[in-house]
Amino acid sequence: MNLRLIYLLLCSALIACKKEKLPPNIIDSNIDISHDTISVTQIKVANIFEPSPGFLAYFSAAALPFDDKIAFVGTEAPYDHDFAPANLQIKKTDLDLNIISDKSLFKSNLAKYNSVTPSFINVNEKLQFYYLRQESWQESQIYLTESYDNGLTWPVDRKISFLEGVNGIINDRVIILSSGRIMIPVSYTNDIHNNYDGQIIFCYFSDDNGQTWSRSSELRTSTPLMEPSVAEYAPGKLLMVIRSGLGKLLFSRSTDNGISWSPIEKSKISAPASTSALFRMEEGILGMIWNHSESAIHVQDRKRLSLSVSKDGGNSWSVPYLIGNEEGEIYTSPGMFKHNGYWYVYFNYSAYVGEYGIRAKKLRISY
């Protein structure tokens with residue numbers, strides 16, 4: 001054996017030894033950014049909720065489009081903290097994001113700490129509103145209320161999560177599959193303070209329009225799994241994106257309408273520990289919004305809010321379009337929907353530490 005071959009073998013062995021060891025139940029994947037591009041035209045931008053001296057934090061919005069207007073519901077808190085006292089406020093805009101109503105109370109805080117992370121869906125001409133009540137470090141539960149008069153009244157709240165502990169959901173992540181199944185991706189731990197690293201993921205699902213609920217298989221590893229988002233790219237086939245502190249986006253897949261989930265895939269797409277969002281744009285095409293930042297450590301790295309599109313079930317993603325990249329700002333908790341041929345994107349923005357508002361953009365997207 002010549003010296004050059006020995007040298008190459010030694011180098012390969014050293015590289016293999018230095019290769020990062022993945023946590024259990026996570027595998028490396030080739031999911032990455034491709035050379036494909038999308039065309040995005042910004043039509044309008046508006047700050048829907050802005051921080052004020054009495055309420056420094058508006059965050060985690062949901063949107064409900066109507067024929068001639070959009071209702072935005074956001075969490076309102078006097079200061080920025082996951083357990084700050086908070087309720088849910090509503091503002092309405094026209095379809096060009098011009099504000100047409102003052103803010104008003106949509107849902108008062110009925111929990112010990114706060115009522116947060118709203119989601120809307122439309123089920124058989126009936127509106128459903130989901131949100132989270134945070135009672136303590138050891139207890140957060142998901143509630144559902146329904147409107148039979150197009151959102152004018154929401155008479156009764158009922159708890160739909162059935163696992164005691166901290167059930168975590170993110171704004172506007174409740175979806176309806178092509179089969180009619182309602183899916184709620186959830187992160188869970190028994191104690192968010194003392195068992196933060198023990199967070200696992202599963203989905204609640206309902207096949208009877210939200211009357212009864214079941215639970216999918218779990219995803220768990222030795223690192224916390226947080227803030228999942230799910231989208232259906234083909235009938236019965238789902239993709240999930242997961243927040244972690246590993247510096248890359250994590251994904252999982254289901255081929256049985258979300259009952260079971262594949263081993264977690266660590267992608268090659270850089271992201272900090274921040275909320276990402278998946279959306280079904282049309283049959284076979286997914287959209288994703290996330291912070292395309294190299295660092296996984298600090299909250300101030302939640303910059304470069306980016307949009308990409310996948311046409312192959314999430315295996316490759318288009319070159320990111322920057323939705324938010326203003327100097328000194330950070331971004332979290334994105335949402336997105338299509339209405340009358342336009343896409344509306346909304347997200348938290350923060351230009352000063354401890355202050356958050358909610359911004360929306362009207363876009364034309366070609367892919």
Exercise. Is the ring centre of F129 less than 6.0 Å from the ring centre of F106?
Worked result: yes

Exercise. Side chains of K44 and N98: do they bring a donor and an acceptor to under 3.5 Å?
Worked result: yes

Exercise. Picking from L307, I289, I365, what satisfies side chain to side chain contact (heavy atoms under 4.5 Å, CB included) with V345?
Worked result: I289

For this session: For a ring pair (Phe, Tyr, Trp, His ring centres under 6.0 Å) with F162, tell me which candidate from Y188, Y204, F202 qualifies.
Result: Y204

Seminar exercise, completed: Residues passing the side-chain contact (heavy atoms from CB on, under 4.5 Å) test with N325, sequence neighbours excluded, are R304, L322

Exercise. Does the side chain of N291 pick up a donor-acceptor pair with the side chain of S293 at under 3.5 Å?
Worked result: no

Problem set entry | Short side-chain donor-acceptor distance under 3.5 Å, D208 and S206 | yes

Exercise. How many angstroms lie between CD in E146 and CD in Q128, if you round to the nearest 0.5 Å?
Worked result: 4.5 Å

Problem set entry | Note: R181-D207 ion pair, threshold 4.0 Å (strictly below) | yes

For this session: Would you please say whether a donor-acceptor pair under 3.5 Å links the side chains of N87 and S108?
Result: no

Exercise. Just wondering, do Y131 and L144 contact through their side chains at under 4.5 Å, heavy atoms?
Worked result: no

Exercise. Quick check, are the ring centers of Y349 and Y331 under 6.0 angstrom apart?
Worked result: no

For this session: Run the ring-centre check on F83 versus Y113 and record whether the distance is less than 6.0 Å.
Result: yes

Exercise. Are side-chain N/O atoms of E282 and Y233 paired as donor and acceptor at under 3.5 Å?
Worked result: no

Exercise. Under 30°, 30 to 60°, or over 60°: which ring-plane class applies to F72 and Y346, parallel, tilted or perpendicular?
Worked result: perpendicular

Exercise. Should the pair K362 and Y344 be classed as cation-pi, given the thresholds of under 6.0 Å to the six-membered ring centre and 45° from the axis?
Worked result: no

For this session: Determine, stepwise, if the pair K266 / D28 fulfils salt bridge (Lys or Arg N to Asp or Glu O under 4.0 Å).
Result: CA-CA 5 Å; K266 182 184 178 185; D28 266 321; 5.2 Å; no

Problem set entry | Intermediate values then yes/no, salt bridge (Lys or Arg N to Asp or Glu O under 4.0 Å), R133 and D157 | CA-CA 11 Å; R133 292 187 190 176; D157 291 13; 3.4 Å; yes

For this session: Only counting residues at least two apart or in another chain, list the ones meeting side-chain hydrogen bond (donor to acceptor under 3.5 Å, both in side chains) with N340.
Result: none

Exercise. Below 4.5 Å, heavy atoms only, C-beta onward: do P65 and F120 meet side chain to side chain?
Worked result: no

Exercise. Have T275 and E227 got a donor and an acceptor in their side chains that come within less than 3.5 Å?
Worked result: yes

